[in-house]
S.K.: 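Please read through the structure below; I'll follow up with questions.
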Amino acid sequence: MDAIVIGAGPNGLAAAIELARCGRRVRIYEANPTVGGGARSAELTLPGFIHDICSAVHPLTAGSAFFSTLPLARYGLEFIHSPIALAHPFDDGTAAILDRSIQTTSENLGRDGAAYRDLMTPLMERWQDLADDILGPPRFPKHPFLAARFGIHAIRSAKSFAESRFKEDKTRALFAGMAAHSFLSLDQTATAAFGLVLGLLGHVYGWPIPKGGAQNIANALAAHFKDLGGEIVTNQRVESLSDLPAAKAILCDLTPRQVLHIAGGSLPSGFRRKLSRYRYGPAAFKLDWALSAPVPWRSPECAKAATVHIAGSFAEILTSEKLANSGEHADKPYIILSQPTLFDPSRAPLGKHTLWAYCHVPNGSQVDMTEKIENQIERFAPGFRDCILARSVMTPAHFEQHNANLVGGDINGGSQHLAQMFTRPTARMYSTPLEGLYICSSSTPPGGGVHGLCGYHAARLALRKSLK
Ligand SMILES: Cc1cc2nc3c(=O)[nH]c(=O)nc-3n(C[C@H](O)[C@H](O)[C@H](O)COP(=O)(O)OP(=O)(O)OC[C@H]3O[C@@H](n4cnc5c(N)ncnc54)[C@H](O)[C@@H]3O)c2cc1C
């Protein structure tokens, strides 16, 4: 055996594929009965209703510089684009939108149209060069002027950036809603980066959903890996490195806490200390519903978007994210919602629908947010509750039971604040002091999301150092 990968999440699968396509013999051990980690789907509510357990919306997958080199369509992966990528409704019945077209998006932003166009157009035109520099391990940029142009905005907090760049509360709310995917308080340095990157991805690739559910991303990756000669052993939790057969490289699709669990005794104490100081971020509290009818949105734009951000005003999002980051719970939480069956009827019985939504809560929270989330949806879609046939609740504890990587319900493999954004989980990033042991999960750059880039970069390093 040349290499073993622990964990069949998107990054574990990506690492394994990169090694296998370079001719190495690779085996993956996965604790769960199915592959996919944070990219899985299941009947969480009623028979025939397929829900995404974790990831639902995939701009990072469609835009991944690694996945785009793989023949995933041959293995059945198909992306569906809703007419509008994202809608953000307001109490007055209107909605801001993120459209593939910058022109269409900006036409809807009132006095901010020109400011938005002037911000996004030059960055979008050079997206490929920019992505090269920002979505990977930190290094001196290949395109320094472009990186500086992006960096001068990205380094700011989303709050101060939105306040200085935009005049309309609705534009600020649209931008803050995207930046809030960071799980950070939006007055923190560099949170503007998340709003910019997600907005740019929307213009370049859209925010597509995979036909049939996120499981089909994982299934396509796994099928491709097997065709390259790879082996996957499911239902096999690795408890210690000493359980594993001999291999020249071991790549862990794990966060620092599990790396410490399986390899702690073999790691030098200084490195163990660094891993134990690694910070996890706030958690997700998630609901999935089986619905008898589509969500009755007040704003017609919302029915055209696979993703809807719910929070109302800019101030509400700032408050919600600040509270989740300071151990408290918002009464009106910011919610990320996905309504796939409006555009992919294959996931529910004829005429019926699924709905996926989560809000941010403090790490390890035990507070039930069901009513608050449903109140928020009802606020912008009166009559929503009448459509509910069944509901599944996933608390931070459920997430961690379902996947040990979701520590305290943190879905990004660790907080993505500036100090942990580039040099995660330590300044060594993918490597460890133990020869042949690597970390390839979203606890390495470029962090959370289904893009496989952490796995790809870890595999490239292992190929150079251990698998020549
Ligand atoms: C609720 C939620 C919503 C999300 N929404 C989105 C979204 O819309 N778009 C997006 O791009 N991303 C989203 N994400 C984030 C995305 O799912 C993760 O960033 C991504 O899955 C990380 O991939 P990974 O391979 O690093 O780790 P994971 O996907 O967590 O995979 C790790 C794998 O390792 C296995 N494992 C753990 N310990 C062991 C062990 N000891 N032995 C063997 N196997 C082990 C786990 O079972 C798991 O399969 C979401 C996540 C959650 C939880």
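Both counts, for ligands and for their atoms, begin at 1 and track the order of listing.
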S.K.: Could you tell me whether the side chain of His203 and the main chain of Leu200 form a donor-acceptor pair under 3.5 Å?
M.R.: no

S.K.: Verify, without hydrogens or angle tests, whether Asp410 (side chain) and Gly281 (backbone) share a donor-acceptor contact under 3.5 angstrom.
M.R.: yes

S.K.: Among side-chain atoms of Ser441 and Asp253, is any donor-acceptor pair under 3.5 angstrom?
M.R.: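 No.
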
S.K.: Do the ring centers of Phe194 and His181 come within less than 6.0 Å of each other?
M.R.: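 Not close enough - the centres of the two rings lie 6.0 Å or further apart.
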
S.K.: Tell me whether ligand 1 is touched by Ile6 - counting only heavy atoms on the residue side and a distance under 4.0 Å.
M.R.: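 Yes, that is the case, since the closest heavy atom of the residue is under 4.0 Å from the ligand.
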
S.K.: Taking non-hydrogen atoms only, is Leu254 closer than 4.0 angstrom to ligand 1 via side chain, backbone, both or neither?
M.R.: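 Side chain only.
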
S.K.: Starting from atom 50 (C) of ligand 1, what is the nearest protein heavy atom, named by residue and atom, and what distance separates them?
M.R.: Ile411 CD1, 3.5 Å

S.K.: Looking only at protein heavy atoms, which one is nearest to atom 32 (C) of ligand 1, and how far off is it?
M.R.: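 Answer, as residue, atom name and distance: Asn405 ND2, 3.3 Å.
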
S.K.: With heavy-atom distances below 4.0 Å as the criterion, list the atoms of ligand 1 near Gln236.
M.R.: 43 (C)

S.K.: Can you pull out the closest protein heavy atom to atom 13 (C) of ligand 1? Residue, atom name and distance to 0.1 Å, please.
M.R.: Ser55 CB, 3.3 Å

S.K.: Against heavy atoms of Phe399, which atoms of ligand 1 measure under 4.0 Å?
M.R.: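 Near Phe399, meaning under 4.0 Å from one of its heavy atoms, ligand 1 has 1 (C).
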
S.K.: Is there a nitrogen or oxygen of Thr61 sitting under 3.5 Å from a nitrogen or oxygen of ligand 1?
M.R.: no

S.K.: Is the closest N or O pair between Gly449 and ligand 1 shorter than 3.5 Å?
M.R.: yes

S.K.: Less than 6.0 Å separating the ring centroids of His451 and Phe66?
M.R.: no

S.K.: We want to know whether Ser64 and Tyr456 form a side-chain donor-acceptor pair, criterion being a heavy-atom distance below 3.5 angstrom.
M.R.: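 No donor-acceptor contact under 3.5 Å links the two side chains.
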
S.K.: Which of the numbered atoms in ligand 1 are below 4.0 angstrom from a heavy atom of Gly37?
M.R.: 29 (O), 31 (O), 48 (C), 49 (O)

S.K.: Among Asn235, Val238, Leu13, Val233, which residue places a heavy atom closest to atom 40 (C) of ligand 1?
M.R.: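 Selected option, by shortest heavy-atom distance: Val238.
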
S.K.: Report the nearest protein non-hydrogen atom to atom 34 (O) of ligand 1: residue, atom name, distance rounded to 0.1 Å.
M.R.: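 Nearest neighbour among protein heavy atoms for atom 34 (O) of ligand 1, to 0.1 Å: Gly7 CA, 3.2 Å.
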
S.K.: Starting from atom 45 (C) of ligand 1, locate the nearest protein heavy atom and write down its residue, its atom name and how far away it is, to 0.1 Å.
M.R.: Ala31 CB, 3.7 Å

S.K.: Which option wins on minimum heavy-atom distance to atom 23 (O) of ligand 1: Pro10, Ala8, Ala56?
M.R.: Pro10

S.K.: Decide whether the shortest distance between a heavy atom of Arg237 and an atom of ligand 1 is less than 4.0 Å.
M.R.: yes

S.K.: Does the side chain of Glu239 come under 3.5 Å of the side chain of His261 through a donor N or O and an acceptor N or O?
M.R.: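 His261 and Glu239 do have a side-chain donor-acceptor pair below 3.5 Å.
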
S.K.: For the residue pair His360 and Tyr358, categorise the inter-ring angle as parallel (less than 30°), tilted (30 to 60°) or perpendicular (more than 60°).
M.R.: tilted

S.K.: For His329 and Ser365, test the side chains for any donor-to-acceptor distance below 3.5 angstrom and give the result as yes or no.
M.R.: yes

S.K.: Considering only the protein, which heavy-atom contact is closest to atom 16 (C) of ligand 1, and what is its distance?
M.R.: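 Sorting protein heavy atoms by distance from atom 16 (C) of ligand 1 puts Val450 CG2, 3.9 Å first.
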
S.K.: Checking Thr234 side chain against Thr34 main chain: does a donor-acceptor pair fall under 3.5 Å?
M.R.: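 It does not hold such a pair.
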
S.K.: With the side chain counted from C-beta on, respond yes when Leu355 and Leu337 share a heavy-atom pair under 4.5 Å apart, and no when they do not.
M.R.: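 Counting from C-beta outward, Leu355 and Leu337 do come under 4.5 Å.
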
S.K.: For Trp356, take its heavy atoms, then give the atoms of ligand 1 lying under 4.0 Å from any of them.
M.R.: 3 (C), 5 (N)

S.K.: When you measure from the heavy atoms of Cys454 to every atom of ligand 1, does any distance fall below 4.0 Å?
M.R.: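 No.
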
S.K.: For Ser415 and Leu184, run side chain to side chain contact (heavy atoms under 4.5 Å, CB included): C-alpha distance rounded to whole Å, both residues' side-chain angles, the deciding distance at 0.1 Å, then the answer.
M.R.: CA-CA 8 Å; Ser415 167; Leu184 296 168; 3.9 Å; yes

S.K.: Just go through Val5, Asn11, Asn403, Val57 and tell me whose heavy atom is the nearest to atom 30 (O) of ligand 1.
M.R.: Asn403

S.K.: Under 4.0 Å from a heavy atom of Gly38: give me the atoms of ligand 1 that qualify, with their elements.
M.R.: 17 (O), 21 (O), 28 (P), 29 (O)

S.K.: Considering only heavy atoms from C-beta outward, does the side chain of Tyr205 approach that of Phe79 to under 4.5 Å?
M.R.: no

S.K.: Between the side chains of Arg40 and Glu30, is the shortest nitrogen-to-carboxylate-oxygen separation below 4.0 Å, so that they form an ion pair?
M.R.: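 Salt bridge: no.
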
S.K.: Considering non-hydrogen atoms of the protein only, which is the closest contact for atom 31 (O) of ligand 1, and what is the distance?
M.R.: Gly9 CA, 3.2 Å

S.K.: Show the atoms of ligand 1 that are less than 4.0 angstrom away from any heavy atom in Gly448.
M.R.: 19 (O)

S.K.: Taking only non-hydrogen atoms of Met394, do any sit less than 4.0 angstrom from ligand 1?
M.R.: no

S.K.: Any idea which protein heavy atom is nearest atom 35 (C) of ligand 1, and the distance to it?
M.R.: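 Checking every protein heavy atom, the shortest distance to atom 35 (C) of ligand 1 gives Glu30 OE1, 3.3 Å.
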
S.K.: As an exercise, identify every atom of ligand 1 less than 4.0 angstrom from a heavy atom of Ser441.
M.R.: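 Listed by number with element: 26 (O).
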
S.K.: Are the side chains of Pro445 and Phe422 in contact, using a 4.5 Å heavy-atom criterion?
M.R.: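 When only atoms from C-beta onward are counted, Pro445 and Phe422 do not touch, as no gap falls below 4.5 Å.
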
S.K.: Pairs of nitrogen or oxygen atoms closer than 3.5 Å, one from Asn32 and one from ligand 1: do any exist?
M.R.: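 Min N/O separation from ligand 1 is below 3.5 Å for Asn32.
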
S.K.: Applying a strict 4.0 Å limit to heavy atoms, is Phe285 in contact with ligand 1?
M.R.: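 The answer is no, since Phe285 has no heavy atom less than 4.0 Å from ligand 1.
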
S.K.: Has Asn32 got a side-chain atom pairing as donor or acceptor with His402's backbone, closer than 3.5 angstrom?
M.R.: yes

S.K.: Of the side chain and backbone of Tyr29, name the one, both, or neither that has a heavy atom under 4.0 Å from an atom of ligand 1.
M.R.: backbone

S.K.: Quick one: do the Gln258 and Thr255 side chains pair a donor with an acceptor below 3.5 Å?
M.R.: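 Side chains of Gln258 and Thr255: pair found under 3.5 Å.
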
S.K.: Short list, please: which atoms of ligand 1 are under 4.0 Å from a heavy atom of Ser442?
M.R.: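 That gives atoms 22 (C), 26 (O) of ligand 1.
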
